[in-house]
S.K.: 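Just dropping this structure here.
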Amino acid sequence: MAAHDHGDEPHQHGSELSETQLRVRALETVLSEKGYIDPAALDVIVDYYETKVGPRNGAKVVAKAWRDPAFKEALLADATKAVGTLGHVSRVGDHLVAVENTPKRHNMVVCTLCSCYPWEILGLPPTWYKSAPYRSRAVKDPRGVLADFGVTLPMDTEIRVWDSTAETRFLVLPMRSAGTDGWSEEKLAELVTRDSMIGTGLPKNPSEIR
Amino acid sequence: MAAHDHGDEPHQHGSELSETQLRVRALETVLSEKGYIDPAALDVIVDYYETKVGPRNGAKVVAKAWRDPAFKEALLADATKAVGTLGHVSRVGDHLVAVENTPKRHNMVVCTLCSCYPWEILGLPPTWYKSAPYRSRAVKDPRGVLADFGVTLPMDTEIRVWDSTAETRFLVLPMRSAGTDGWSEEKLAELVTRDSMIGTGLPKNPSEIR
Amino acid sequence: MDGVHDMGGMDGFGKVEVEKNEPVFHASWEGRVLAMQRAMAYARAWKIDHSRFAQEQLPPITYLSASYYQRWVLGMEKNIIERGFASAEELKAGHATTPGKMLRRKLTVSVLQDALTRPSYFRQQQAPALFKPGDRVRTRNIHPKTHTRLPRYARGKLGVVEQCQGCHMYPDSVAVDQGDNPQWLYTVVFTANELWGPDADLTVRVSIEAFEPYLELASR
Amino acid sequence: MDGVHDMGGMDGFGKVEVEKNEPVFHASWEGRVLAMQRAMAYARAWKIDHSRFAQEQLPPITYLSASYYQRWVLGMEKNIIERGFASAEELKAGHATTPGKMLRRKLTVSVLQDALTRPSYFRQQQAPALFKPGDRVRTRNIHPKTHTRLPRYARGKLGVVEQCQGCHMYPDSVAVDQGDNPQWLYTVVFTANELWGPDADLTVRVSIEAFEPYLELASR
């Protein structure tokens, strides 16, 4: 886990984790015995996040926006409503906002205060998104952060960082990869990486998926 | 050590300290072998800080200022120079500044960025002075810090906090305790606590030393 | 509170390290913690800003050393104990010794679809919005001892309202049990110069989502 | 740099804990570290702001977890290695494998009285002082990636010059080996309201020691 990776403290992963495991087991037992939670429902929730929701949901939305100008317009106007029209993607709650990358402007999303992230459309956030290096640097040195991801943007591209300090959640609509004229939504979706929808990456090129 | 006392991490004092001991021994050996340092001189320095310099030096200065209006005036005008006239106290370098407590104003000294402290006049700082709780709170909640020391000041007393962000060093000149008319410097000095010269305490009352 | 959680702009944490082929959970307990949190939120045991505030109050070394889900565990324990859902002794022993409190609802398999959709944070407006897109605003220099969502790096700074995001429940009130206290929410944009000074990257702009009480109309 | 060392105003560190009858040193190695630091400073191996900057660059968890003298050890090792006084391998092995560099002077018993007096940080002025007591100034909103002595809590804030403390070596330059670059130093006073907002204690004022480049004349 990234928070442990600074390497400056003598953490003992083994014993710490098993202590945490025991605490979590105790929590679940007590909350169940109190009647607050249903372990069977927990199983389904875990399965949902492990297998049902993830960046593929967002990729489908992006691919559709790339092919369908009316959908793209609707998405940028009200992402919650637009995504709600796609039955095959999950229903999303209010406050989803899609922000469009253009040749002039690149968007990047962070949550400096905790780790807010558009779970419903991208699944659970990766560890780096929740880490102190990302949370601290994204708002101050976004080009440096992009360099950590191997991404270099033109020096005159405006970079817009969105700090998710409230319940609004941001989905970056990356620029469509070149050389994809006529591609199907399914094929386009394969180009759309998770990081490209956070703004720390770019979509793949056609050559990268062949 | 205070930095360890937050109690939230499984520090193993024993092994950590011995690791540090080994590192320090290695440092001293290497620096000696390189010819940079003289271990005999180190012995004297350690002895100096352990036995020769300490709050007693400052207490003598304060006691003299309490009895001698001309010295007090000189001290507040240029503390380095004034202290330099006292042969029995150590010579002090430039940049010592004395600040006077009055019924209207109480002074408190901190160094938020590291732990700057008037070594030459008060000796080495106590652990609490170097701790995160003191460094973080003194500039924001000085009355709360004073409460931690059991000190309550009138609500209309102005509190002036001096953040030692450069090489100026501050000595608080506390208010003379009541009931000490005619006392000798030696006896007055017994009333002057270290904390009263930092501003986190008040001098003792005569009853406290009898 | 001005805690170490408020780390936007802090230096010294090093490079962003990306884990290749990262699993959704690194240990099964992480999934259980997340699911319990969802279940307790559904049961309205506490709100999202109570969870955040509980984590913000962890000792700074703990906050920085713990993993994301370890912080969740510690925050959840705090809310469970402080809100009377179980005692510290029960959590320590790993068994309930008294019956649970009544909750308004319970997350069961049959209501899952509903429960997994994120709730809305829109609330009925109490007054018209004070600001409109294009307004120049200054964020207030506030330092509440309790939960706030105005980060330190963006306090006392001049920005421009880009968009109104509707009227939302107000985290600063919710976290201290003073109700939803609905407030207008705005996207406010700052230049990097305004935030980080003259040496900042001129091509960078940063926005925060700012509740109306965080803002005042700028004089110039 | 905006590191965790810059902790003025941070919440969450708890109460100030006072150790009764605290010894000068808690272990003999602490005294040795302090004495070595004095000796290396006397030898002009590095300056005080190099020591500070080295500690500021420790990983935040280390900075917060280590004791005061543990930080000194780590900072000293860093300066010794980076300035070529010994190699990491030598420090690890605990023995020198190559001769030392020439130093301008060496702290021996015979020069101790002189060495124990604190050196002066006054430097020859390069220009007249820009500000005088009573001037209203605003601290600049600077965020250098390197060492600075302008704390975050006092940036972009309106204060009053109380006193000029003379012309001093400038830590921001010294720490990055750009020479003493002498600058005027002022005691600048702020109200607690200016620093901490409308709810602050009206009876509190805070001063910092501010070098001239940290300040600009306030417009009002």
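Throughout, protein chains are lettered first and strands after them, A, B, ... in sequence-line order, and every chain is numbered starting at 1.
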S.K.: Tell me, for C:Leu103 versus chain A, whether the close heavy atoms (under 4.5 Å) come from the side chain, the backbone, both or neither.
M.R.: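 Contact with chain A is through the side chain of C:Leu103 alone.
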S.K.: Between C:Leu112, C:Thr97, C:Asp49, who has the most heavy-atom pairs with chain A when the cutoff is under 4.5 Å?
M.R.: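 The candidate making the most pairs under 4.5 Å is C:Leu112.
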S.K.: Of all the heavy-atom pairs spanning A:Pro133 and C:Gly14, show the shortest one and how long it is.
M.R.: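 Reported closest heavy-atom pair: CB-O, 3.4 Å.
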S.K.: Is it the side chain or the backbone of C:Val189 that comes within 4.5 Å of chain A heavy atoms, both, or neither?
M.R.: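 The side chain, not the backbone.
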S.K.: Do any of residues 107-117 of chain A come closer than 4.5 Å to chain C, heavy atom to heavy atom, and if so which ones, in number order?
M.R.: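 Expected list: A:Cys111, A:Thr112, A:Leu113, A:Cys114, A:Ser115, A:Cys116.
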S.K.: Give me the atom names and distance for the closest heavy-atom approach of C:Gly31 to A:Val46.
M.R.: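 The pair with the smallest heavy-atom distance is O-CG2, 3.4 Å.
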S.K.: Answer yes or no: are there more than 12 heavy-atom neighbours, outside A:Glu73 itself, under 6.0 Å from its atom CD?
M.R.: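 Not more than 12 within 6.0 Å, no.
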S.K.: Side chain from CB out, backbone as N, CA, C, O: work out which of these in C:Ala86 comes under 4.5 Å of a heavy atom of chain A, or both, or neither.
M.R.: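 For C:Ala86, heavy atoms of backbone and side chain both lie under 4.5 Å from chain A.
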S.K.: Given that the side chain runs from C-beta out, which part of C:Pro99 has a heavy atom under 4.5 Å from chain A: side chain, backbone, both or neither?
M.R.: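 It is the backbone, since no side chain atom gets that close.
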S.K.: If you count heavy-atom pairs within less than 4.5 Å of chain A, which of C:His95, C:Met10, C:Met40 leads?
M.R.: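 Most heavy-atom pairs within the cutoff with chain A belong to C:His95.
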S.K.: Tell me, please, which residues at least two apart from C:His168 pass ring-ring contact (aromatic ring centres under 6.0 Å, His included).
M.R.: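 Scan of C:His168 (ring-ring contact (aromatic ring centres under 6.0 Å, His included), adjacent residues dropped) gives A:His95, C:Phe122.
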S.K.: Write down the atom of C:Ala39, the atom of A:Ile37, and the distance for their closest heavy-atom approach.
M.R.: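 For C:Ala39 versus A:Ile37, the nearest heavy atoms are CB-CG2, 3.7 Å.
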S.K.: Taking all non-hydrogen atoms of both residues into account, name the closest pair between A:Val30 and C:Gly94 and its distance.
M.R.: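 Looks like CG2-C, 3.6 Å.
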S.K.: Hey, what do you get for CH2 (A:Trp119) to CZ (C:Arg118), rounding to the nearest 0.5 Å?
M.R.: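 The CH2 atom of A:Trp119 sits 9.5 Å away from the CZ atom of C:Arg118.
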S.K.: So which of C:Val18, C:Leu74, C:Val4 has the largest heavy-atom pair count under 4.5 angstrom toward chain A?
M.R.: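 Option with the greatest count: C:Val18.
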S.K.: What part of C:Leu107 gets closer than 4.5 Å to chain A, counting heavy atoms only: side chain, backbone, both or neither?
M.R.: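 Both backbone and side chain of C:Leu107 come within 4.5 Å of chain A.
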S.K.: Contact part of C:Tyr69 toward chain A, heavy-atom cut-off under 4.5 Å: side chain, backbone, both or neither?
M.R.: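 C:Tyr69 touches chain A through side-chain heavy atoms alone.
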S.K.: Not counting sequence neighbours, list each pair that qualifies as a salt bridge (charged side-chain N to carboxylate O under 4.0 Å, His left out) and has a residue in residues 93-108 of chain C.
M.R.: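 Passing the test, one end in residues 93-108 of chain C: no pairs.
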S.K.: What residue, out of C:Leu34, C:Val33, C:Val111, has the most heavy-atom pairs lying under 4.5 Å from chain A?
M.R.: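 Highest number of pairs under 4.5 Å: C:Leu34.
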S.K.: Which bit of C:Met102 is near chain A, if near means a heavy-atom gap under 4.5 Å: side chain, backbone, both or neither?
M.R.: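 Neither part; nothing is under 4.5 Å.
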S.K.: Between A:Arg137 and C:Asp11, does at least one N-O distance fall below 4.0 Å, as a salt bridge requires?
M.R.: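 Here A:Arg137 does not pair with C:Asp11 in a salt bridge, since their nearest N and O are not under 4.0 Å apart.
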S.K.: With side chain to side chain contact (heavy atoms under 4.5 Å, CB included) as the criterion, how do C:Phe85 and A:Lys34 come out once you've worked through the C-alpha distance, each side chain's angles and the decisive distance to 0.1 Å?
M.R.: CA-CA 8 Å; C:Phe85 292 109; A:Lys34 294 274 191 184; over 6 Å; no
S.K.: I'd like to know whether C:Thr203 forms a side chain to side chain contact (heavy atoms under 4.5 Å, CB included) with A:Thr157, so could you lay out the CA-CA distance, the side-chain angles of the two residues, the decisive distance to 0.1 Å, and finally the verdict.
M.R.: CA-CA 7 Å; C:Thr203 63; A:Thr157 300; over 6 Å; no
S.K.: Please report the shortest heavy-atom distance between A:Gly93 and C:Thr117, naming the atom on each side.
M.R.: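 Smallest interatomic distance, heavy atoms only, reads N-CG2, 4.0 Å.
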S.K.: For residues C:Leu150 and A:Thr165, determine if any side-chain heavy atom of one lies less than 4.5 Å from a side-chain heavy atom of the other.
M.R.: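 Side chain of C:Leu150 against side chain of A:Thr165, heavy atoms only: no contact under 4.5 Å found.
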S.K.: Under a 4.0 Å N-O cut-off, is there an ion pair linking A:Glu28 with C:Arg32?
M.R.: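 Here A:Glu28 pairs with C:Arg32 in a salt bridge, since their nearest N and O are under 4.0 Å apart.
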S.K.: Between C:Glu162 and chain A, with a heavy-atom cut-off of 4.5 Å, which part of the residue counts as in contact: side chain, backbone, both or neither?
M.R.: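 Side chain of C:Glu162 only, per the 4.5 Å heavy-atom cut-off to chain A.
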S.K.: Does this structure show an ion pair linking A:Glu167 with C:Arg123, if we count only N-O contacts that are shorter than 4.0 Å?
M.R.: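 C:Arg123 and A:Glu167: not salt-bridged.
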S.K.: Would you check if there is a donor-acceptor pair between the side chains of C:Arg38 and A:Tyr48 at a distance under 3.5 Å?
M.R.: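 Judged by distance alone, the side chains do not pair up.
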S.K.: Under the side chain to side chain contact (heavy atoms under 4.5 Å, CB included) rule, what do C:Leu195 and A:Val139 come out as? Steps first, then yes or no, please.
M.R.: CA-CA 9 Å; C:Leu195 298 179; A:Val139 290; 5.8 Å; no
S.K.: C:Thr148 versus chain A, heavy atoms under 4.5 Å apart: side chain, backbone, both or neither?
M.R.: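 Only the backbone of C:Thr148 comes within 4.5 Å of chain A.
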S.K.: Show, in sequence, the C-alpha distance, side-chain angles and deciding distance for A:Glu33 and C:Glu90, and conclude whether the side chain to side chain contact (heavy atoms under 4.5 Å, CB included) test is met.
M.R.: CA-CA 11 Å; A:Glu33 289 176 357; C:Glu90 287 174 312; over 6 Å; no
S.K.: Give a yes or no on whether a salt bridge exists between C:Asp201 and A:Lys140, defined as a side-chain N under 4.0 angstrom from a carboxylate O.
M.R.: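 No, this pair does not count.
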S.K.: Please state whether the side chain, the backbone, both or neither of A:Pro142 comes within less than 4.5 Å of a heavy atom of chain C.
M.R.: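 Only the side chain of A:Pro142 comes within 4.5 Å of chain C.
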S.K.: What are the two closest heavy atoms between C:Ile80 and A:Leu31, and how far apart are they?
M.R.: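 What the structure gives for the nearest pair is CD1-CD2, 3.7 Å.
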S.K.: Mind checking the CG-CH2 spacing from A:Leu27 to C:Trp29? Nearest 0.5 Å is all I need.
M.R.: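 That separation rounds to 11.0 Å.
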S.K.: Please tell me whether A:Thr127 and C:Glu22 have a donor and an acceptor in their side chains that are separated by less than 3.5 angstrom.
M.R.: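 Yes, a side-chain donor-acceptor pair sits under 3.5 Å.
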S.K.: What pairs of donor and acceptor atoms, side-chain ones from residues 204-212 of chain C against any protein atom, are under 3.5 angstrom apart with sequence neighbours left out?
M.R.:
residue: C:Arg205; atom: NE; partner: A:Glu158; partner atom: OE2; Å: 2.9
residue: C:Arg205; atom: NH2; partner: A:Glu158; partner atom: OE2; Å: 3.2
residue: C:Ser207; atom: OG; partner: A:Arg160; partner atom: NE; Å: 3.2
residue: C:Ser207; atom: OG; partner: A:Arg160; partner atom: NH2; Å: 3.1
residue: C:Glu209; atom: OE1; partner: A:Thr168; partner atom: OG1; Å: 2.6
residue: C:Glu209; atom: OE1; partner: C:Thr187; partner atom: OG1; Å: 3.4
residue: C:Glu209; atom: OE2; partner: C:Thr187; partner atom: OG1; Å: 2.9
residue: C:Glu212; atom: OE2; partner: C:Leu130; partner atom: N; Å: 2.8
residue: C:Glu212; atom: OE2; partner: C:Tyr186; partner atom: OH; Å: 2.5

S.K.: Please flag which part of C:Leu202 lies under 4.5 Å from any non-hydrogen atom of chain A: side chain, backbone, both or neither.
M.R.: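 C:Leu202 has no heavy atom closer than 4.5 Å to chain A.
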